[in-house]
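Scroll down for the structure; my scribbles are underneath it.
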Amino acid sequence: MVSSTPRYRFAPSPTGYFHVGGARTALYNWILALQNDGIFVLRIEDTDESRNQPQWTQGIIDALAWIGIDGSDTHFEGPYFQSAYAAAHAAAAHKLFESGHAYYCDLTPEQVQERAKASGKPGYDGHSRDRGLTAGPGRVLRFRVPAGTTVVHDEVRGRVEFDNSTIEDFVLLRGNGSPVFIHANVVDDISMNISHVVRAEEHLPNTPKQQMLWEALGHKPPVWAHVPVLVNEQRKKLSKRRDKVALEQYRAEGVVAEAMVNYLMTLGWAPSGDTEIVEFSRIVSEFALSSVNHSSAFFDVKKLNAFNGEYLRKMSTTEFVAACDPWISGTPPTAPGVDTAPPVAHWPKERFDRAVFERVAPLVQTRVSLLSEVPAMIDFFFLADPAIDASAFDKAFAADWARPSLRTIRERLATADWSVDSLKSLVEAIGASLDVKLGKLQAPLRVATTGRSVGPPLFESLEVLGREETLRRIDAALRRAG
RNA sequence: GCCCCCAUCGUCUAGAGGCCUAGGACACCACCCUUUCAAGGUGGCGGCACGGGUUCGAAUCCCGUUGGGGGUGCCA
């Protein structure tokens with residue numbers, strides 16, 4: 001029975017867009033919007049056994065779930081998974097042979113190559129077209145490409161015409177009888193009542209072949225939509241080997257799903273108005289395949305991070321603290337197969353104080369663009385002896401006023417009222433007497449107590465750190481400074 | 001080789017013949033704010049690949065050139 005709701009097929013490609021869980025797949029953005037229109041069928045087809053493993057596909061499903069796509073009814077295709085349509089593949093091949101749309105050929109790849117070389121024309125020359133061969137071991141089934149032209153109507157690119165004479169008689173069934181991707185692909189589409197095929201533009205040149213197959217099999221072809229591909233700095237399509245393209249990698253680094261989705265949508269498309277950071281509901285309502293850009297897009301991590309920073313700042317403190325949890329509790333999201341290990345909280349678990357983090361969370365919220373940056377920003381609260389950055393230390397203590405002023409500060413701190421305001425005015429007063437600006441004067445104090453020259457606002461931090469610990473660290477720094 | 005796709009600031013884009021002296025975002029620079037660093041505010045830098053048409057008028061339409069990408073497998 002044919003569904004009245006459009007069924008889309010998300011066509012992953014080995015050379016496409018984005019890399020999830022070990023497979024380079026594509027089009028997250030379009031898929032997200034398309035969910036609005038109807039049933040979404042995610043199908044993964046890969047007859048390469050080495051890549052077609054359960055853990056591999058689970059990685060894809062997990063990554064999709066992260067950005068809000070339900071991949072639970074994903075259809076997997078390939079030798080590792082028993083194909084639900086294996087019988088259909090064979091039946092379709094037989095039908096094509098019987099109807100004369102396909103024929104068998106006994107030439108080996110080497111022989112095909114030799115003939116091509118001899119004739120000077122690349123590709124298969126149709127040698128067995130009329131030899132009347134029947135099925136047999138080592139014989140491949142080839143599609144008999146008809147004369148004429150094939151016109152593909154593409155949702156994003158419009159009308160594209162192909163001269164059939166430029167398309168050779170391609171293989172449908174291998175010598176061992178197994179179906180080739182393109183054959184399995186259209187038979188599965190037909191079996192699943194697929195109405196829309198949305199995929200990366202690199203598939204466009206092969207589309208006429210598929211369309212001819214649909215027609216030869218007696219079906220009306222689906223709606224095609226070829227969206228642009230993502231490229232690296234060199235304008236080459238994203239490659240797993242050289243490019244950082246795993247979705248989980250960004251999750252592990254602390255990109256939030258909403259920012260990821262929002263950023264992805266801006267690649268090849270833009271919401272109306274002057275802002276690119278928009279609610280997902282607006283993206284869904286405004287998006288249309290026909291408004292998708294035709295050219296490839298460069299994945300700009302800097303912009304992704306900027307988007308993420310903005311999403312982080314939009315959160316309430318409570319939300320932010322909750323979002324930070326995996327990183328501050330020491331168990332950030334793992335990313336199997338991803339090379340770079342994300343930074344983790346490196347303080348002893350028992351020293352971590354959640355209440356302390358909640359107090360300073362608003363201060364770190366405006367200072368990070370990735371959640372993985374949080375631990376390094378607050379570790380001095382939870383480390384018994386935070387490492388002192390040597391160059392920061394030397395710089396801070398280089399001035400002749402540095403040591404004496406820190407001694408004075410230490411003395412007054414011992415009895416001062418322990419609040420941000422009094423801490424600040426105390427240090428400010430000392431600065432005034434020395435004619436040193438607060439910005440400079442606080443440097444030795446900051447390095448002494450936090451180990452670094454930059455960090456959250458100092459007096460707020462000291463207030464949270466407490467008098468005893470602050471004094472202890474100043475004493476240690478003074479001893480070090482000699 | 002042949003076939004297909006693409007072409008607006010560094011990057012992502014807005015732009016469907018006059019609203020364009022080409023708008024926004026990221027990045028970059030400057031200033032303001034400021035207890036470091038951020039965040040925030042203000043301003044700045046910067047682009048229609050080139051050449052021909054069509055038109056009163058072209059970033060927008062047509063042709064060509066150049067450049068980039070992809071396909072052309074018993075890979076997917």
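Basis for what follows: all heavy atoms, side chains included, without hydrogens, waters or symmetry-related copies. Numbered from 1 within each chain, the chains take letters A, B, ... in sequence-line order.
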Between [X] and [N], is there a side-chain N or O to OP1/OP2 distance below 4.0 Å?
X       : N      : value
R367(A) : U36(B) : no
H294(A) : C6(B)  : yes
N305(A) : A27(B) : no
K303(A) : U11(B) : no
R313(A) : A38(B) : no

Open item on the list: Under a 3.5 Å cut-off for both contacts, is C37(B) paired Watson-Crick or G-U wobble with anything, and if yes, with which nucleotide?
Closed with: none
TODO: Using a strict 4.0 Å threshold on nitrogen-to-oxygen distance, state whether R452(A) and D389(A) make a salt bridge.
DONE: no
Task: F97(A) and Y103(A) aromatic centres sub-6.0 Å - done: no
Task: Aromatic Y124(A) / basic R142(A) pairing, under 6.0 angstrom, 45° off normal - done: yes
TODO: Could you work out which one of U72(B), U35(B), A25(B) sits closest to the side chain of F307(A)?
DONE: A25(B)
TODO: Please report, rounded to the nearest Å, how far the P atom of C75(B) is from the CG atom of N206(A).
DONE: 14 Å
TODO: Apply side chain to side chain contact (heavy atoms under 4.5 Å, CB included) to the pair S419(A) and K424(A), showing each step before the final yes or no.
DONE: CA-CA 8 Å; S419(A) 70; K424(A) 184 185 173 189; over 6 Å; no
Open item on the list: Between G69(B) and E201(A), counting only base atoms on the nucleotide and side-chain atoms on the residue, is there a donor-acceptor pair under 3.5 Å?
Closed with: no
